[in-house]
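Count residues from 1 along the sequence. Both backbone and side-chain heavy atoms feed into the values below; hydrogens, waters and symmetry mates do not.
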Amino acid sequence: MAAGSSPAPAARSLRVRVYADADHRARSLHWERDVEAWLQRAGEAVRDPLGITFELESARAWDRRGPDGSLEPVLETLEAVDAGEDVDLVVGLVAAPASFSGAQHELGFARVLGRHCILRGLSGELPVVARQRLEVAVLLHEWAHTLGAMHVRDGRGWMAPKYDAGQRGFDARTLGLLSAGLRHLPAARVELEAQKAWARELRGVVEAVTGPAWEGPERDFLLEWTERVRASSGVLGPEGTPRSLTPQERQRLAEVIALEKAGRPEVAAEALEPLAVRHPQDERVQLLACYLAVHLTPGADATRERCERAIARFPREPSLRMNVALLHLHAGRFDEARDSLVTARANLEARTDVEPAQWAGLAGLFLKAHCVTWAEQTAARAPALAASASVLEQAARLRRQVALPSGPGVDPAREAVLVRAVADVEALLQAGSPAPARERITALAKTFPEHPSVTLLQCELHLLQGRLGSARTACERVLALQEDAVQAHLLLGVLATNTRAHARARKHLERVIALEPSRTEAWHLLAREYRGTRQLKTLQVRYREQFARDLP
């Protein structure tokens, strides 16, 4: 070596895993040793122009046996057996063809931009040197396809569609394609930015490759693939479609689901994140990623963005809409939550295989959004579930609390507005703020004229202002429209107690306890009414049975 010169860099070694099916093994006694020598000869052929060699990672028996026919379904079988994520190339060896025509597609098959190839064994009738030369040519031809190389129709190099004993090497333009792939792989198969960088360089090389030897569907496919990569938000597979989960990734997904079911959502989310990044188009992965994020970080902008991206990809998936509704509810965006739930309901109605639990879950969310009628209607679709029964019970309590009649009345789409407004006004009244409460009630009376919920608020306002007669009239009007309006009964009980109308007080307070036994204020008022009577002891026994403690 001349003084001052630098040694040539070591060749990069590409790891190859080889599977030999039963037919190939039966015809080649020392097939593992032959494969290793085969890869060594192939590496020697490309070491200088590309700076690579091939290393046998492992040689494995393949439990497969099949007829002499098309190699594409054989390739699909190999892809299902081993995704090859941890090596550069997976090779499947099958039996030699019945006759040798020299067509490359009869000797081997690979998916352009894939990671696998199928190679046929060669007849022992060929001279040893010719057979070894052909083996190298077929292997390198199919390997080159996995890096984007196209057939070249001039017949002089390894990428010719038909084998010829005089073929030697790759032409300069094919070497450019291969060099582009080697610069970006293997990262470009699994990382979005690396794949986009590869696609940009590959497109430039392909666009520069012109002439009749290069024109055809393969060139069109490569240009189309690079365009899809440019526009994609996720890593694409060799066919230009989203990458499917490998067997190892499917196992990881199952482990994530098990972690979530075991009550370890934080660990599940951490384990799922690499899959969510690598598979933005996998519906199961993205649904689970959205679900975990909603339950762990509902207030984070990233959670909302993640779920909305998933909705854009899978607009007919109801669970995504339900999860986004949860985010809206967490942030107090009730109208947006209602809209998401209505769409989720439409998505469920469009399906024929809906689990009852999905209806029950949707019913519960409708109730959280204060859409009482829709909650009841949805729960009725899964009547046998305890969750549905719970929704119906809670909906009935809410109706009694805010004097919301069932049946014809307020448009179900406007119920939530009314229920929230009642809660807001009651908060103002309890805080001793009659002026703003009066303004809200006046506005509600215009929007919901003669509605018992508004009349109930008027009753409470009159009571707070000391206008007892007006309060009594308003609450009695509420009960005339809805007899089980528990708050109206309670207010009338308070009025009657304060005016010493004992019989009336007892009637209304007993009705409160019958409708809502948990309303302790009614029990306490009723105890005052029964003081000095025999009914007090009976009330005390009832209270102890209800609350497992003595009545104060």
Heavy-atom check, side chain of [X] versus side chain of [Y], under 4.5 Å:
X: E376; Y: V391; value: no
X: L75; Y: E79; value: yes
X: V422; Y: Q401; value: no
X: W374; Y: V342; value: yes
X: T343; Y: N347; value: yes
X: T146; Y: H116; value: no
X: R438; Y: Q465; value: yes
X: L113; Y: W198; value: yes

Rounded to the nearest 0.5 Å, what separates atom [atom1] in [X] from atom [atom2] in [Y]?
X: L329; Y: R333; atom1: CG; atom2: CZ; answer: 9.5 Å
X: Q546; Y: Y543; atom1: CD; atom2: OH; answer: 9.0 Å
X: M322; Y: L362; atom1: CE; atom2: CG; answer: 5.0 Å
X: L320; Y: R313; atom1: CG; atom2: CZ; answer: 10.5 Å
X: D220; Y: E218; atom1: CG; atom2: CD; answer: 10.0 Å
X: L456; Y: E460; atom1: CG; atom2: CD; answer: 5.0 Å

Using every non-hydrogen atom in the two residues, find where [X] and [Y] come nearest and quote the distance to one decimal.
X: L341; Y: A325; answer: CD2-CB, 3.5 Å
X: R203; Y: T226; answer: NH1-OG1, 2.8 Å
X: V425; Y: R440; answer: CG2-CB, 3.6 Å
X: F547; Y: S518; answer: CZ-CA, 4.1 Å
X: W523; Y: P517; answer: NE1-O, 2.8 Å
X: L222; Y: G148; answer: CD1-O, 3.1 Å

Could you give the side-chain donor-acceptor pairs of residues 261-277 under 3.5 Å, partners two or more places apart or in another chain?
residue: E273; atom: OE1; partner: R306; partner atom: NH1; Å: 3.2
residue: E273; atom: OE1; partner: R306; partner atom: NH2; Å: 3.0
residue: E273; atom: OE2; partner: R306; partner atom: NH2; Å: 2.9

R420 vs D335, test: salt bridge (charged side-chain N to carboxylate O under 4.0 Å, His left out). Steps then yes/no.
CA-CA 11 Å; R420 293 198 305 274; D335 291 341; 3.4 Å; yes

With side-chain hydrogen bond (donor to acceptor under 3.5 Å, both in side chains) as the rule and sequence neighbours excluded, what pairs involving residues 421-433 come up?
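Pairs touching residues 421-433 that pass the test: none.
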
Just by distance, do the side chain of [X] and the backbone of [Y] share a donor-acceptor pair under 3.5 Å?
X: R17; Y: V90; answer: no
X: D484; Y: R400; answer: no
X: Q482; Y: L479; answer: no
X: R219; Y: V206; answer: yes
X: T447; Y: A443; answer: yes
X: S453; Y: V402; answer: yes
X: S388; Y: P383; answer: no
X: E355; Y: A357; answer: no
X: Q286; Y: I311; answer: no
X: T497; Y: G493; answer: yes

Determine whether L182 and L14 satisfy the following criterion, side-chain contact (heavy atoms from CB on, under 4.5 Å), listing intermediate values before the conclusion.
CA-CA 10 Å; L182 290 169; L14 302 185; 4.2 Å; yes

Under the ring pair (Phe, Tyr, Trp, His ring centres under 6.0 Å) rule, what pairs show up with a residue in [range], not counting sequence neighbours?
range: residues 305-364; value: F334-H370
range: residues 435-485; value: none
range: residues 495-517; value: H489-H508

Heavy atoms from other residues, nucleotides or ligands near [atom1] of [X] exceed 12 (cutoff 6.0 Å):
X: E349; atom1: CD; value: yes
X: R351; atom1: CZ; value: yes
X: R252; atom1: CZ; value: no
X: D301; atom1: CG; value: no
X: R316; atom1: CZ; value: no

Do [X] and [Y] have side-chain atoms, one donor and one acceptor, less than 3.5 Å apart?
X: S340; Y: E336; value: no
X: E415; Y: T373; value: yes
X: R519; Y: Q487; value: yes

Decide yes or no on side-chain contact (heavy atoms from CB on, under 4.5 Å) for L223 and E207, but give the supporting numbers first.
CA-CA 8 Å; L223 292 173; E207 286 178 336; 3.8 Å; yes

For salt bridge (charged side-chain N to carboxylate O under 4.0 Å, His left out), just list the numbers for E393 and R397, CA-CA rounded to whole Å, side-chain angles, deciding distance to a tenth of an Å, and then say yes or no.
CA-CA 6 Å; E393 180 184 351; R397 291 186 63 186; 5.5 Å; no

R321 with D339: basic N within carboxylate O range, under 4.0 Å:
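Salt bridge between R321 and D339, a charged N being under 4.0 Å from a carboxylate O: no.
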
Indicate yes or no: does E483 engage R511 in a salt bridge with an N to O separation below 4.0 Å.
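Salt bridge: yes.
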
Residue from E201, E191, Q195 passing side chain to side chain donor-acceptor pair (under 3.5 Å) with H184
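Considering E201, E191, Q195, a side chain to side chain donor-acceptor pair (under 3.5 Å) with H184 is found only for E201.
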
Evaluate L89 against R115 for side-chain contact (heavy atoms from CB on, under 4.5 Å), listing each step before the verdict.
CA-CA 5 Å; L89 182 67; R115 194 195 292 267; 5.8 Å; no

N/O donor-acceptor pairs under 3.5 Å from side chains in residues 466-478, not counting sequence neighbours:
residue: T473; atom: OG1; partner: G469; partner atom: O; Å: 3.0

For D550 and Q540, run side-chain contact (heavy atoms from CB on, under 4.5 Å): C-alpha distance rounded to whole Å, both residues' side-chain angles, the deciding distance at 0.1 Å, then the answer.
CA-CA 7 Å; D550 290 335; Q540 290 171 333; over 6 Å; no

